[in-house]
Every structure is written in structure tokens, then in C-alpha cells.
There are 2 protein chains.
Amino acid sequence: MRTVNPEQHARKRAAILESAAVEFAEKGVDGASTAAICRRAGIGSGTLFHYFPTKNALFHALFADDLATNTEACRRALADRDPASGLDSLVAHLVSELGDPLVPGLAAAAMLQVNRDPKFAALMAADERQTLTTLTALLDRMAEDGADLPFPPARVARWVASIIDSLFLSAMEEDFDPESHLRELRRITAWLTGRA
Amino acid sequence: MRTVNPEQHARKRAAILESAAVEFAEKGVDGASTAAICRRAGIGSGTLFHYFPTKNALFHALFADDLATNTEACRRALADRDPASGLDSLVAHLVSELGDPLVPGLAAAAMLQVNRDPKFAALMAADERQTLTTLTALLDRMAEDGADLPFPPARVARWVASIIDSLFLSAMEEDFDPESHLRELRRITAWLTGRA
DNA sequence: GTCTATATTCAGATAGAC
DNA sequence: GTCTATCTGAATATAGAC
């Protein structure tokens, strides 16, 4: 009897997700066709629906996989003895996907999906909450250590998160320069976190 | 012979655009159906396609109308004798649509459309360029007047624009408070423009 | 109303593990 | 050799632009 090979299954699943990411980033959830995803992945349509029950589930999986790495980054940041250095590492992680050219398109697709798929909205909200809670906890500790925050910790946390999000919008521009953007982001974050 | 009544034509056109905005914001360009737009506007599909040749043209018109008001706001900001006050008025204008609940959805739809419709991309790029050029010119004058900018004027301009964009992302959150957000935005902008 | 596009299904074909 | 994971692609049904 033939048995299931988990490693092979995972590899193919990842390959399908990668093809799907390209299509979704380019055309959004409604604009992307399962046929195009299959063509790009080099599989028949039956195979796609063997791995994922619907097109929406495919989109969902794309983001769920990412949430796990975020959780881990938050855990590590909180474990850091120095809250400022924990915050820096968390910001670095949040920014780490900036180089991926698919990210702006996927972000736009996700924004639309939040209004339409409540389960997807819950996934995104949980991710957001986790990031904000972690940032706030770190900023609380920094404030206790005497940092001079321009706003209360929870509000600073929100601004840090917002400004990072806005970077992903900027990443769409033709003359985007990650190098100087990141340098400037660190300067702005330093001011926001009372380390000007 | 029956002649066209330009005023009535404009009124109906605006009504169609308003219905379309709701649908596009909720479902994106591909997810929105012309049938739903017609239903919402209380017109037949024939009428819709009398006013706009295609669904894409309808989406296009939604943004083109806005661009004119932006041009005017830029003109006024540059005409201000005091560059700092001109900058404040331009920022106020850019932020003025924050209360509109449709804006986040429309922004997401627009981001996706930029990857797909080159004409639409050109429209958005022109708008962006206009805003950045104006901000940069104002910041140049402020720097000449002795303002202590943290980065070169063109970079500060980009950050101001990015941070305003990020406000529109925040506006999607459930506990969004325009009041404190705007107050904090002014504080951040003040720092970025050398008026800390 | 017409005509095209497309998500999903299904009835098998293929082939690896025992 | 058998059993089942894996895959295929035509068929269906529905929706939606115009």
C-alpha cells in the first residue's frame, strides 16, 4: 500500500502557495483565477482542490503560515532583558519582508478580504493585537526605565505599527530605496520611543 | 427633439458614482458587480453603460474627480506666504477624507488596480508626484527659513505622505479615534518638519 | 438577452509502498 | 499484486460584463 509522504506533501503545498501568492498579489482574490494558479504551479485543477478546499482557503493559508513566525518574534522580543533591544528586534522582524515584491499586492488583497471574510478578519485582528500588545509591553518597561515617550505607550505602539505598515505602501513606488528608508525609520522610531 | 439637460446628467452621474464607490470599497474592482451597482443606484444596466463605457472606466472616474481637488489644495498651499502654514493646510486637506468609511476599502482596491491598469497607475502616480513635489517645495522654503529637518526635504516630504497614508490604514481599526490620531499626527509632523 | 469566464466536481488514470 | 495517495482534465453550473 502506498503511504502518505508528509515531506513531499509539504513541499508541493508550499509550491502551490507560492504560485498562489504571485497570482493573488497581482490580481487580488477575486481577480486571480484558480486556473492561472494551477498553470503557474504546473498542476491540474483537481490537484489544487486536493490540497485546498476552496480558493479562499488557499488565500487564508498564505497568511496563517506567517502568523506563526510573528508569534515567535513577539515571544523573543519579550524575553529580551533590555526592552529597547527587544523592540528593535521586533521592528526588524516586522520590516524583514519589505524586500519581497509580492508584499504590497498581498497587503492590498488582504485589506479587501478583511471586509468580506469574517474568519480572515479575525486572523488579521489577532495578529495585529499580538503585535500591539507586545510593543505596548516593551514600551511600558522602557517608560519605567525612564524613556521620555511623546504619547502613552499604547499610542506609541500604534504609531510604530502604523508607520511600519506605511513602509509597505511606499515599497510600491518605483524609486523605493530600502536602505535609506530603514535608516530613517530607525531615527523616527528612536524619537517615538523616547530615544531621540 | 429632446435635448440633454447637463445638470440632470451630472446629478445622475454623481449618484451612480456614489453607488459604485460603496460597492468598490466593499468588494474591490473584480468583486463588485455592475448589477449590484445598478440595483443600488436604482437604474437598469443599460443606463449604467450609457454613462460609463466599462466597469473600469467607472472606477477610474471615481478617482479622477478627486485629483482635481488635490491640485487645487497644492496650488493654495504653495501660494501661502508662510510655508509652514501652507504645509499645515495641505496636510489638513490630505487628511480631510479620514472620516469617510469608504476610504480604506477604496484605497485597497486602488492599490490592486495600480498593478493591472497602466492608465490608472499613471493617474495615481501623477497625484502622488504632485503631492510630493508640493511638500518638498514647502519644506525647501522652511529649511531656508532655518527649520531643522531630520532628513533632506524630499525625504521628509515622503515620510509625511507615508504617515498620512498609514492613517487611512488605522482608520479601519475598530477603536480608531480621529481626534487623538490627528493631534498626534500634528505632533509627529511638527518634529519631522523641524518644529519640535 | 448573449456570450464568455471560471470555481468546483468527478470519474477515472498513474504509480509508489507494502 | 494490491491498495491507496496523488494527480488529471473534461464536464457542470453559475455568474456576470456588456
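Each chain gets a letter, A, B and so on, in the order its sequence line appears, and its residues count up from 1. None of the values given here were measured: they were computed from a predicted structure.
R158(B) has no carboxylate O lying under 4.0 Å from a charged side-chain N of D177(A), or vice versa, which leaves the two without a salt bridge. Between D88(A) and R195(A) there is a salt bridge, with a side-chain nitrogen of the basic residue lying less than 4.0 Å from a carboxylate oxygen of the acidic one.
Rounded to a whole Å, the CG atom of D30(B) is 14 Å from the C1' atom of dA15(D). Nucleotide dA17(D) holds its P atom 8 Å from the CD1 atom of I37(B), rounded to whole Å. In this structure, E23(A) places its CD atom 14 Å from C1' of dT6(C), rounding to the nearest Å. Atom pair H9(A):NE2 and dG16(C):C1' shows a separation of 16 Å (rounding to whole Å applied). Per the geometry, CZ belonging to R39(B) stands 14 Å off C1' belonging to dA17(D), to the nearest Å. Atom CZ in R11(A) sits roughly 18 Å away from atom P in dA5(D) (whole-Å rounding). Computed from coordinates, the K12(A) NZ to dA15(C) P distance equals 13 Å when rounded to whole Å. Nucleotide dA5(D) holds its P atom 18 Å from the CD atom of E7(A), rounded to whole Å.
Remark: E18(A) CD is loosely packed, at most 12 non-hydrogen atoms of other residues, nucleotides or ligands lying under 6.0 Å away.
Counting all heavy atoms, side chain and backbone alike, P153(A) lies closest to D140(A) at CG-OD1, 3.3 Å.
Set against dA10(D), dC7(D), dA17(C), the side chain of T47(A) has dC7(D) as its closest nucleotide.
I43(A) comes within 4.0 angstrom of the backbone, heavy atoms only, and of no base. At a threshold of 4.0 angstrom between heavy atoms, the contacts of A36(A) with the nucleic acid are absent. Nucleic acid contact class of S33(A) (heavy atoms, under 4.0 Å, all strands): sugar-phosphate only.
With respect to I164(A), the side-chain contact (heavy atoms from CB on, under 4.5 Å) criterion is satisfied by exactly one of L90(A), L94(A), L98(A), T189(A): L94(A).
Atom SG of C38(B) is separated from atom CZ of F49(B) by 6.5 Å, given to the nearest 0.5 angstrom.
Judged by atom type and distance alone, T34(A) does not reach the base of dA5(C) through any side-chain donor-acceptor pair under 3.5 Å.
The stretch residues 49-64 of chain B touches DNA chain D through F49(B), T54(B), K55(B), each having a heavy atom within less than 4.0 Å of the strand.
Side-chain atoms of K55(B) come within 3.5 Å of backbone atoms of A32(B) as a donor-acceptor pair (strictly under, hydrogens ignored).
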